Protein chains: 4
Amino acid sequence: MDNTKGKKQLIIEASIKMFCKKGFHKTKVSDIATEAGVGKGTIYEYFDSKKQLFIEMMEYLADQYYNKVLKVMNEEKNITNKFKYYILLEEKIMTKHGDLAQLFMQEAHSIGIDVHQIMGKKRKKLINLIANAIKEGIDKNIFRKINPYTAALTFMGSVHHILYSKIFAKDDFSKEINIEDLHDILLHGIKK
Amino acid sequence: MDNTKGKKQLIIEASIKMFCKKGFHKTKVSDIATEAGVGKGTIYEYFDSKKQLFIEMMEYLADQYYNKVLKVMNEEKNITNKFKYYILLEEKIMTKHGDLAQLFMQEAHSIGIDVHQIMGKKRKKLINLIANAIKEGIDKNIFRKINPYTAALTFMGSVHHILYSKIFAKDDFSKEINIEDLHDILLHGIKK
Amino acid sequence: MDNTKGKKQLIIEASIKMFCKKGFHKTKVSDIATEAGVGKGTIYEYFDSKKQLFIEMMEYLADQYYNKVLKVMNEEKNITNKFKYYILLEEKIMTKHGDLAQLFMQEAHSIGIDVHQIMGKKRKKLINLIANAIKEGIDKNIFRKINPYTAALTFMGSVHHILYSKIFAKDDFSKEINIEDLHDILLHGIKK
Amino acid sequence: MDNTKGKKQLIIEASIKMFCKKGFHKTKVSDIATEAGVGKGTIYEYFDSKKQLFIEMMEYLADQYYNKVLKVMNEEKNITNKFKYYILLEEKIMTKHGDLAQLFMQEAHSIGIDVHQIMGKKRKKLINLIANAIKEGIDKNIFRKINPYTAALTFMGSVHHILYSKIFAKDDFSKEINIEDLHDILLHGIKK
DNA sequence: GATGAATGAGACTTCATTCAT
DNA sequence: TATGAATGAAGTCTCATTCAT
């Protein structure tokens, strides 16, 4: 269990904790080593560089995230509920691991990672997941005939933005936002 | 003309260019100085530190952005068109200055700036602007009775996310997204 | 009065104040300019460099100091009293302007000034002053036949060292030192 | 042998050499590193800053100095000889390591170290050492009943000042000073 | 003469990475 | 395999000095 795989995992988990807390540049490799309870040199046994560790950590997180969404989308059969539960899942993730969401968006450029290249495929899979649910809704005549990708991106973007506001920005009005409203607006639109 | 205000402005504009191109950490103070055509020390005549320069630059950009949105919202009287033009404005901004949008979100945390504290007020004003337009739509019986803040945040989040996808992520399907669809979905919702 | 000579004097006096307070390296040329109420550039009208200003300031102080000792030595005719008053003068100077004494000793080396070359002549004059008083005492058969220069240096060194202890070091025992003891020991020696 | 203690010692010794030669401000950390034969970064493994290195170096030197004086005072039993040998020791130290003495007095203020706080205890011990020898002389009825602390400070001050003149100032008359005169004057006083 | 905005050389310090053990 | 002492490249910031006004 404490074999090679175990130690790599240990380091990744320590890096999640530290990178989330302080960001990429303010986290020292030695911080991660201390957090993981290994020597500084050991990190370089498993990862080529700090940057590479960051990339692998991002991929690991993206996988975890995708799997959670996948589970929700597969388990819930009612179309509109799928979207409701997706929103609830996002809320749960962001409340518990919101700093991860920030990490994803924030660091890539400044590190000089082409985040689109790395995360692209995973993101594509995720969007497809949502878009397929929308397609299904269209096919079942529950949804209007709209571009499912546009709709998926719209839906995801709205959810992220609002939850981000609600959880981080702490505007006075953000507090009053409730998940039902969000669900309602996204499903029914603004217009009468 | 080349007075104090002029030189400070010069440096801010050079910093926009460099920070956008390389991000905060990879941009050297000397890079900005060279770009601005001034000496390295001159930067420190006008700004206490690199971090402070970044903050002032962000505030400058936020003002510019707000003023553009304000203009659109004030000039267009037709409610649904307001939102259409808002989307078009965002598309224009992101196409031309998309790297700015990335800057905003990306660097703050890693620099150790409390971006919410700094940008909070400006963000609040912007959300109010959109929310007021929605309120107006509700009052005129054009929009459904929804929470205007939730709607505003939903709207803005969707627009950003989709445009970001369209312009940066360059997914195969993102390319096919068109502004009309976005406008349609946001106004009419997904459900029939 | 506010002519060239006046302004140079103004700068020297400001430099005394600032160099004493913060030392050579921590005093900025602009500090001195502000203190003198002139522009930074003006300093360079009167002095070639910060270092040169420091040297001229030292010479100015050395003159002042010498003149005070000279006055005491000339005015008091009683030989042993000359030494008593010399000690009292030193005490007064060190209490009021002790930071000057520190300046003299401290900065020269670190600035890269050959303090001995600069201050040498003035120091020589001062030692001669004391040595001559001792010679006079020897001639008048009041003092033992000792080397007057050794005695002068002994005398001056003791006075400085003790007053320094008393005024700056603030040892528990230094407080109890009194000027009469010092005078007594230097005049009568330690041995019975 | 080349263990942690050894390397720290190595750096301290290199710093003595360089600080003495050029003073605090003109000595670069890289100078010390080169002199010690280590990398620049290694200095910071052992010392928090250049200033801290200087302080630790001062403490090290003060200890060495105290131990030498202690040895002389303990080994010589004849009271008046103690003072003779003390003078000879000081002469030896100042001839060999006179630049150290300058360092002590010169740099502290300009660096912003409270030298009195740091060196206070060590200085106190040293003065006690000399004062105790004087007390012993008084008890044995060899010395007059004088304040032993005033006498100790007088004695030490004189010795330093004269040796400083002799060794550094190189006055014409300083050359002619001899140790016996100094010893004689300090023990017998000036007055008949 | 007087000014102070502009300058850029220079030094401290950090920290990712290496490598001998 | 695991380690952490050693390294040195790199970048921010300071401040004496200049020079156009």
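By convention in this document, chain letters (A, B, ...) are assigned in the order of the sequence lines, proteins followed by strands, and residues within each chain are numbered from 1. Treat the numbers as computed from the prediction; the structure is a model and nothing was measured.
The number of heavy atoms from other shown groups lying within 6.0 Å of CG (D48(C)) does not exceed 12.
Applying the salt bridge (charged side-chain N to carboxylate O under 4.0 Å, His left out) test to residues at least two apart or on different chains, the pairs with a partner in residues 28-43 of chain C are K17(C)-E35(C), K22(C)-D31(C).
Each of S49(D) and V29(A) has a nearest nucleotide on DNA chain E; the 5'-most of these lies closest to S49(D).
Side chain of K28(C), nearest nucleotide from dA16(F), dC12(E), dT17(E): dA16(F).
Between Y46(A) and the phosphate of dA2(F), there is a side-chain N or O to OP1/OP2 separation shorter than 4.0 Å.
A search for side chain to side chain donor-acceptor pair (under 3.5 Å) contacts involving Y44(D) returns nothing, not counting sequence neighbours. Legend: residues meeting side chain to side chain donor-acceptor pair (under 3.5 Å) with Q52(B), ordered by chain and number and at least two apart, are absent. Every residue was checked against the side chain to side chain donor-acceptor pair (under 3.5 Å) condition with E45(C), not counting sequence neighbours, and none meets it. Every residue meeting the side chain to side chain donor-acceptor pair (under 3.5 Å) condition with Q64(B), not counting sequence neighbours, appears here in chain and number order: Y60(B).
At the heavy-atom level, T34(C) lies nowhere under 4.0 Å from the strands shown.
Nucleotide dA5(E) holds its C1' atom 17 Å from the OH atom of Y44(B), rounded to whole Å. If you measure from atom CE of M18(A) to atom C1' of dA16(E), you get 16 Å, rounded to the nearest angstrom. Rounded to whole angstrom, the span from the NE2 atom of H25(B) across to the C1' atom of dT14(E) amounts to 12 Å.
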N/O contacts under 3.5 Å, protein versus nucleotides 7-9 of chain F?
residue, atom, partner, partner atom, Å
dT7(F), OP2, G39(D), N, 2.7
dT7(F), OP2, T42(D), OG1, 2.1
dG8(F), N7, G41(D), N, 3.1

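The shortest side-chain heavy-atom distance between Y66(C) and K122(C) does not fall under the 4.5 Å cut-off. The closest side-chain heavy-atom distance from E56(C) to Y46(C) is not below 4.5 Å.
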Pairing string, 5' to 3', for DNA chain F - Watson-Crick or wobble contacts under 3.5 Å, brackets [ ] where pairs cross, | to another strand: .||||||||||||||||||||
